[in-house]
There are 2 protein chains.
Amino acid sequence: MPSPDTDAQARRPEQPQREERAHRILDAAAELILRWGYDKTTIDDVARSAGVAKGTIYLHWKSREALFAALLRRDRVAMLEQVRNAVAGPGGVTPRDLYRHLALALMARPLVRAALLGDTEVLGKLIRQKPKVQTVEAVRSLAGIYLTTLREHGAIREDLTPVEQVNMISATMYGFFVITPQMPEEYQVSGERLADLLAETLHRALDSGRTLSPEQSAAITRATLAYLDRGLGLARDRLHLSLTTSDMGKDYVR
Amino acid sequence: MPSPDTDAQARRPEQPQREERAHRILDAAAELILRWGYDKTTIDDVARSAGVAKGTIYLHWKSREALFAALLRRDRVAMLEQVRNAVAGPGGVTPRDLYRHLALALMARPLVRAALLGDTEVLGKLIRQKPKVQTVEAVRSLAGIYLTTLREHGAIREDLTPVEQVNMISATMYGFFVITPQMPEEYQVSGERLADLLAETLHRALDSGRTLSPEQSAAITRATLAYLDRGLGLARDRLHLSLTTSDMGKDYVR
DNA sequence: CCATGACCAGATGTGCTTATCTGGTCATCC
DNA sequence: GGATGACCAGATAAGCACATCTGGTCATGG
C-alpha cells in the first residue's frame, strides 16, 4: 500500500521554474564536462557554475552519474530534434538526407558524439568502467531494423546482409568522426563538406541504384521519418525519466 | 677524410648467417611485442627468447627503438609483398583489387596495423611520445599521388578533390580496422568478408562508374602496380637501412 | 516544504623513500 | 673479430604517510 505522499509527489507535474533550474544545472554541467572532462568535473563546480547549492542538485538527481546521464540524454534529444527539423520540409526524405543531417547534428553535439564513440577523454570513468554502452547497442539494433525496412522497399542493395551493412556504417561513421579531426592542417575539410562526404560514402555503399517509383519514394520517406521519430520517442522517454522528480535517475544502472 | 676501416665495414655485404640471426631476433621481438606490448617487452626478453646474448642485439641495432623500427619495417615489407603477390596474376588489376588485398594483408599484420592506426596498446611509448608518425604521412602523400593518377585515367570521380578522397579513405579504413573487432558477437563478420566490404565501400565511394577502354584498364593496371612497387621500394630501402651493419638504425630519428 | 552548506567517510592525489628493473656499455674470452 | 654477460646509471615501480578533494547526507533556517 503506497503512501499518498509519495504518489502525490510522483504525479505532481514538474513546475516550470523547477525545470528551468534543472536545465540551468545541465547547461553548467555541459560546459564544464566539455572543458575539463567528466573525471575532473565535480558536483561542486557544477553547483557553483549554475548558481545553486550542492544539495539542490541532489533534489534533481540522486547521484553524479544520474546528472550526467540526464545531460547526455538531453543532448541526444536535441541532436535528434535537429535532424528531425532539418528533414521536416515538404519534399521527400531520402536515406542520404538522413545520413547527412545525422552527420551534421553529431558534429554539432560533442557529448553525443563522445558517448557514441566511447571517448574516454571526455567521458572518463563514466565509460571506462562500463564499456558496454547500452546506447550504442540500441542504435545498432534500430539501424538494423531501418535497413531491413529500406531493403523491403528496394532502396538498398540486397547482396549484403544487414549485419554486414551495420558493420560498414559503424566503421565509416566512426572513422569519419575520429580521424578527420586528427588530419594535419593541409588535409582539413570543412564540417559541411565532411557531412556531404560521409553521406555520399554511405549512400554509395548502401544504395540499390534502382530508380524508385513515386510510391516507393514516399514509402521510404515515411519509413525514414518513422525511424527518426521512433528514436526520438525513445530518447525523449529516457530524458523524461532523467528529469522527473519521481525517478531522479534511478533507472540509470550503475 | 673517411677512415678506410669504416668504409670497408660499411661496404661489407651482410653474411647470410648474420642476417639469419637478425631475423631470429626480430621473430622473437615480434612475438613478444604482440603478447606484451612495446612498453613491457625488454631487450633481455628478446635476447633470451632468440637465444642470443643481450650484447649481440646491440651488434645489430644501436638501440631498442632501432630494433623495433626494424621489426615494423620488416613487417611492412612483408605486408606489401603479400599484396604484390596477390595481384601478380596475368589479368588486369583494378583499384578495387588493391583495396581488397591491402585490407587482407593489413588484417594479417597486426604490427603494421598498429603502426598505421597509432595503437598505443601495442606500440606504447614508441607512439605516445611522438604522435607524428612519419609513415602515415608518407602513406597519405603516396595515396594522393595514386588518386591523381587514377583521376587522369578516368577511373575515379572528379567531383571530389583528392584531399577529400584521402579523408574518405583514411576514415573508412581506420573505422573498419578499429571498430569491427569491437563489435559484439552477433555482429562479427569474417575477415575475408570484411575485406570485401571495405573494398566495396571504397570502390563505390571513389569509382567514376565509367566503362573503361582496354587501354585505360591497362594503364590503370600499370599505375596500380607502379604505385605498389613504389611503396614496396621505399619500404625495402628503409628496411635495408635497419638491417645493414653500417647503419644500425641511426636513421631512426628519436 | 525546499534550499542550503557544514560535515564526513572514502576516494584521490602528492611527495618521498626504497626497491626493482632495464637500456646500454665494455672488459673478457672464444 | 665477434659473442658474451656482469655491471652500472638512470628509469620505473612499489610502498607509504600525509594532505586534499569530493560525492553524498542531513540538520538547520527561511
Side-chain angles (χ1 to χ4, degrees), chain A residues 3-6 8-10 12 14-22 24-25 29 32-33 36-71 124-126 128-129 245-246 248-250 252 254, chain B residues 4-6 8-10 12-22 24-25 29 32-33 36-71 124-126 128-129 245-246 248-250 252 254:
Chain A
S3 101
D5 273 10
T6 307
Q9 190 186 356
R12 176 175 35 69
E14 199 79 352
Q15 294 103 341
Q17 56 177 5
R18 192 187 161 82
E19 198 175 325
E20 189 274 335
R21 187 177 61 186
R24 225 174 54 233
I25 294 170
L32 290 172
I33 197 181
W36 303 109
Y38 175 79
D39 289 348
K40 295 198 180 301
T41 300
T42 72
I43 296 278
D44 268 312
D45 292 339
V46 175
R48 197 173 323 122
S49 180
V52 299
K54 184 157 69 157
T56 305
I57 288 183
Y58 286 89
L59 294 176
H60 287 271
W61 300 279
K62 76 181 251 293
S63 71
R64 188 165 95 110
E65 268 194 64
L67 161 65
F68 285 99
L71 177 55
K125 280 178 195 146
L126 202 59
R128 222 182 291 268
Q129 285 171 352
T245 313
S246 61
M248 298 216 311
K250 274 180 295 194
Y252 191 69
R254 306 193 60 139
Chain B
D5 273 10
T6 307
Q9 191 187 357
R12 175 174 35 67
E14 199 80 349
Q15 293 104 340
Q17 56 176 5
R18 191 186 162 81
E19 196 174 328
E20 190 273 336
R21 188 176 61 186
R24 225 173 55 234
I25 293 170
L32 291 172
I33 196 180
W36 303 109
Y38 174 80
D39 289 348
K40 295 198 181 301
T41 300
T42 71
I43 295 279
D44 268 312
D45 292 339
V46 175
R48 197 173 324 121
S49 180
V52 299
K54 185 158 67 159
T56 306
I57 289 184
Y58 286 89
L59 295 175
H60 287 270
W61 300 276
K62 76 181 251 292
S63 72
R64 190 166 93 111
E65 267 194 63
L67 160 64
F68 285 98
L71 177 56
K125 281 179 195 146
L126 203 58
R128 222 183 289 270
Q129 284 172 354
T245 313
S246 62
M248 297 215 312
K250 274 180 296 194
Y252 192 68
R254 304 194 62 136

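Residue numbers begin at 1 in each chain, while the letters A, B, ... track the order of the sequences. Below, all heavy atoms of this structure are taken into account, side chains as well, without hydrogens, waters or symmetry copies.
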A:K125 bridged to A:D39 by N-O distance under 4.0 Å: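 No, no charged N to carboxylate O under 4.0 Å.
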Among [options], which nucleotide has an atom closest to any side-chain atom of [X]?
X: B:V52; options: C:dG24, C:dC2, D:dT4; value: D:dT4
X: B:T42; options: D:dA3, C:dT22, C:dG24; value: C:dT22
X: B:A53; options: D:dG5, D:dG23, D:dA3; value: D:dG5

Candidates B:T41, B:L71, B:V52 - the one meeting side-chain contact (heavy atoms from CB on, under 4.5 Å) with B:V46: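 Running side-chain contact (heavy atoms from CB on, under 4.5 Å) over B:T41, B:L71, B:V52 with B:V46 returns exactly one hit, B:T41.
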Distance in angstrom units between [X] [atom1] and [N] [atom2], rounded:
X: B:W61; N: C:dG24; atom1: CH2; atom2: P; answer: 13 Å
X: B:R128; N: D:dA11; atom1: CZ; atom2: P; answer: 18 Å
X: B:Y58; N: D:dG5; atom1: OH; atom2: P; answer: 16 Å
X: A:E65; N: D:dT22; atom1: CD; atom2: P; answer: 17 Å
X: A:L32; N: D:dG23; atom1: CG; atom2: P; answer: 12 Å
X: A:F68; N: D:dT22; atom1: CZ; atom2: P; answer: 12 Å
X: B:D39; N: D:dA11; atom1: CG; atom2: P; answer: 16 Å
X: A:R64; N: C:dA11; atom1: CZ; atom2: C1'; answer: 11 Å

Base D:dG23 to side chain A:K54, donor-acceptor N/O within 3.5 Å cut-off: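 Present.
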Residue whose nearest DNA chain C nucleotide is more 5′ - A:K40 or A:G55: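 It is A:G55 whose nearest nucleotide is closer to the 5' end.
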When you measure from the side-chain N and O atoms of [X] to the phosphate of [N], is any distance below 4.0 Å, counting only OP1 and OP2?
X: B:R21; N: D:dG2; value: no
X: A:K125; N: C:dT12; value: yes
X: B:T56; N: D:dT4; value: yes

Sugar-phosphate only, base, or nothing, as touched by A:R48 at under 4.0 Å among non-hydrogen atoms: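 A:R48: no heavy atom of the nucleic acid under 4.0 Å.
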Which atom of A:I33 lies closest to which atom of A:Y38, heavy atoms considered: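 Heavy atoms only, the tightest pair is CG1-N, 3.5 Å.
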Atom pair NZ (B:K54) and CG (B:L59), whose distance is rounded to the nearest 0.5 Å: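 Atom-to-atom, B:K54:NZ and B:L59:CG are 13.0 Å apart.
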Contacts of type side chain to side chain donor-acceptor pair (under 3.5 Å), residue A:S49, not counting sequence neighbours: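 Partners of A:S49 under the side chain to side chain donor-acceptor pair (under 3.5 Å) test: none.
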